Amino acid sequence: MNTERHLLTKNPFSRPGKALQEVKAIVLHWVNNPSTSAMQNRNYFESLKNQKFTGEEVYTSAHFIIGIDGKIIQCLPTDEMAYHVGAKLYTPEAVSRLGHYPNNCTIGIELCHPKADGEFTEETLGSAISVAAILCKAFELDPEKNIWTHHQVTGKDCPKWFVNHPEQFEKFKSDVRLSMENVSSDFEKL
Ligand SMILES: [Zn+2]
C-alpha cells in the first residue's frame, strides 16, 4: 500500500503527544476544502504549531489523510491521540459507546474530494477501504459497528457525501469487511 509517513511535529494544537486510551472506533471525515491534496491538508495541520495562545486557537488533526489520487499520508502514530472529533456536545450513541471524550479512543481518517459536493473518487475510496481494513484487523474492530462518520459522533455535516448518501457509507463498510479477508496475517501495522 502506498502509505507515506509525514508525522506532525509535537505541538499543543495538532499533535499533543498523548496516548490513545484504546481504539474503539475509526471516524471518517471530509476535508471540506475541494481539490486540495493530502499533503496540503497535512501541512495545514503542521502549520497550526505556529499559533499563539490568543483564545481563538484552532485545534485539529487526524491520523490519516487520503488524497484524491488515493495517496495515503499518515500524520500521527496510531497509539497517539488526534484532535478530530472534539465538540461541546456528542450524540447519545457516541456518549454511550465512545464515552465523554471520543478523541481518546478513536482513529481519524480525512478524505479529500474534488468538488464542494464532497463526492469521493474511486481512488480515495479504494485507499480508505485498505487503511480501514488494516486498522480493523489490528484493533479487532467490526467494520459495521466500529466505523463511524463524524456526523454520528457530533451531528456535524461530515463527511457530507456519506451524510447525504447513507447507502454509500453502508457499502463502504461492507467493502472494508471484504477487504479484511485480503489482509495477510503478517500485515504491516500502521
Ligand atoms: Zn469531520
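Only a predicted model underlies this, so the values are computations on that prediction, with no experimental measurement involved. Order of listing sets the numbers, starting from 1, for every ligand and every atom in it.
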*Would you mind checking if Glu119 and Lys115 are paired as a salt bridge, meaning a charged N to carboxylate O distance below 4.0 Å?*
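Result for this pair is no, no salt bridge flagged.
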*Hey, is Glu167 close enough to Lys171 for a salt bridge, meaning N to O under 4.0 Å?*
no
*Would you mind naming the N, O or S atom of His150 nearest to the Zn ion (ligand 1)?*
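The nearest such atom is ND1.
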_N, O or S from His29 under 2.8 Å to the Zn ion (ligand 1)_ = yes
_Backbone or side-chain N/O/S of His151 under 2.8 Å of the Zn ion (ligand 1)_ = no
*Look at the aromatic rings of Phe162 and Phe169 and report parallel, tilted or perpendicular, splitting at 30° and 60°.*
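Correct class here is tilted.
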*For the residue pair Phe13 and Phe53, does the interplanar ring angle fall in the parallel (under 30°), tilted (30 to 60°) or perpendicular (over 60°) class?*
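Tilted: the ring planes of Phe13 and Phe53 meet at 30° to 60°.
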